[in-house]
Protein chains: 2
Amino acid sequence: MADEKRGNGGFLAGVPELLILRLLQDQEMYGYEIVQAIRQQTGDVITSGEGLIYPLLHALEKGGALRARPQEAGGRRRIYYTLTSKGVRRLFDLTDEWSRVNRAVGQVLRPG
Amino acid sequence: MADEKRGNGGFLAGVPELLILRLLQDQEMYGYEIVQAIRQQTGDVITSGEGLIYPLLHALEKGGALRARPQEAGGRRRIYYTLTSKGVRRLFDLTDEWSRVNRAVGQVLRPG
DNA sequence: TCCACATACCTATCATTTCGAGGTATTGTC
DNA sequence: GACAATACCTCGAAATGATAGGTATGTGGA
């Protein structure tokens, strides 16, 4: 079909990035924590794994949207991330784009 | 960044398929017409081109969601598509999935 | 003690989807 | 006659997500 082998069922283009940025807007978090948070806060609707989240965090950091702060915590090495001003701007842009697409799809789904 | 080279700006995974099915629920349409309709009804927010729509129509037909009916109209060869019962089911499933993801993202964006 | 599990990080590869460029042919307009 | 619009098509590149692995430490139970 339109081949639908997506574990999450599709409709997720760009969503993980948006969610990461939004979560970090409220508080500093580390990667593993973000993976769990997305699962919990979406009621297991979005279950993006570490194989997606970690590379995304690295890309966002390299792009200047996030700042990384390594820290030891009980023998465990964690990397905490915070939003930079660039990240905040990116979050606003993505949020805006998300609602635009949302409205657009809604207009077709339930017309006039 | 998360590299954002999508002409439409992201957030479109699976959306074109959903829109096609929804449009065909109301009336028989041909490919070129669908491309224009998506553009118009979304106010140019979603501008998926023929390079995306035609292959999608073929895949949906092959998958049994659509039935194709070729017809000549004023020297112009058009291929009209209609929904099969399988296509209707697929439309319901995608619509459902779309709102689930929508709610899930919303929960993260505006918590509390 | 040993084993399994949760934590916490990472990469590589594959599948899917979208985008852009290009190609054919007809009709209508300047 | 040239050009835009109509109407179909395919190919290849790029981006994204999913899956499957791989490393290491701490904790709890048998």
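Labels below follow one simple rule: chain letters A, B, ... track the order of the sequence lines, proteins then strands, and each chain is numbered from 1.
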Original post:
Taking only N and O in the side chain of His58(A), is any of them less than 4.0 Å away from OP1 or OP2 of dT11(C)?
Top reply: yes
Subject >> Rounded interatomic separation in angstrom, taking CD from Gln71(A) and C1' from dC9(C) >> reply: 15 Å
**OP:** Determine the contact category for Gly31(A): base if any of its heavy atoms lies under 4.0 Å from a base atom, sugar-phosphate if only primed atoms, P, OP1 or OP2 are that close, otherwise nothing.
**Re:** sugar-phosphate
Original post:
Gly49(A) or Ile79(B): which one's nearest nucleotide on DNA chain D is closer to the 5' end?
Top reply: Ile79(B)
Subject >> Whole-Å gap separating C1' (dC19(C)) and CD1 (Ile46(B)) >> reply: 15 Å
Original post:
What's the CD-C1' distance between Glu50(A) and dA24(D), to the nearest Å?
Top reply: 13 Å
Original post:
Does Thr42(B) reach the main-chain N or O of Ile46(B) with its side chain, forming a donor-acceptor pair under 3.5 Å?
Top reply: yes
Subject >> Shortest side-chain distance from Arg78(B), nucleotide among dT6(D), dC9(C), dT18(C) >> reply: dT6(D)
Original post:
Rounded to whole angstroms, how far apart are OH on Tyr81(B) and C1' on dC9(D)?
Top reply: 10 Å
Original post:
So Arg90(B) and Glu17(B), side chain to side chain contact (heavy atoms under 4.5 Å, CB included) or not? Walk me through it.
Top reply: CA-CA 10 Å; Arg90(B) 176 83 176 145; Glu17(B) 184 188 354; 2.7 Å; yes
Original post:
Is Arg76(A) touching bases, backbone alone, or none of the nucleic acid, heavy atoms closer than 4.0 Å?
Top reply: base
Original post:
Could you state the CD-P distance from Glu72(B) to dA25(C), rounded to the nearest angstrom?
Top reply: 15 Å
Original post:
Above 12 or not: heavy atoms from other molecules or residues under 6.0 Å from CZ of Arg67(B)?
Top reply: no
Original post:
Taking only residues two or more places apart in sequence or in another chain, which ones pass salt bridge (charged side-chain N to carboxylate O under 4.0 Å, His left out) with Arg69(B)?
Top reply: Glu28(B)
Original post:
Rounded to whole angstrom units, what separation is found between the CD1 atom of Ile20(B) and the P atom of dT17(C)?
Top reply: 12 Å
Subject >> Leu56(A) CG to dA15(D) P, straight-line distance once rounded to whole Å >> reply: 14 Å
Original post:
Does some side-chain heavy atom of Val35(B) sit less than 4.5 Å from a side-chain heavy atom of Tyr54(B)?
Top reply: no
Subject >> Sub-4.0 Å heavy-atom contacts from residues 32-43 of chain A onto DNA chain C, ordered by number >> reply: Tyr32(A)
**OP:** Can you tell me the distance, in whole Å, between the CG atom of Leu52(A) and the P atom of dA20(D)?
**Re:** 15 Å
**OP:** Identify which one of Asp26(B), Leu23(B), Ile20(B), Leu24(B) satisfies the side-chain contact (heavy atoms from CB on, under 4.5 Å) criterion when paired with Leu83(B).
**Re:** Leu24(B)
Original post:
Is the backbone of Glu33(B) close enough, under 3.5 Å, to the side chain of Gln36(B) for a donor and an acceptor to pair up by distance?
Top reply: no
**OP:** Report yes if a side-chain nitrogen or oxygen of Tyr54(B) is closer than 4.0 Å to either non-bridging phosphate oxygen (OP1 or OP2) of dT10(D); otherwise report no.
**Re:** no
**OP:** Examine dC9(C): is either OP1 or OP2 under 4.0 Å from a nitrogen or oxygen in the side chain of Tyr30(A)? Give yes or no.
**Re:** no
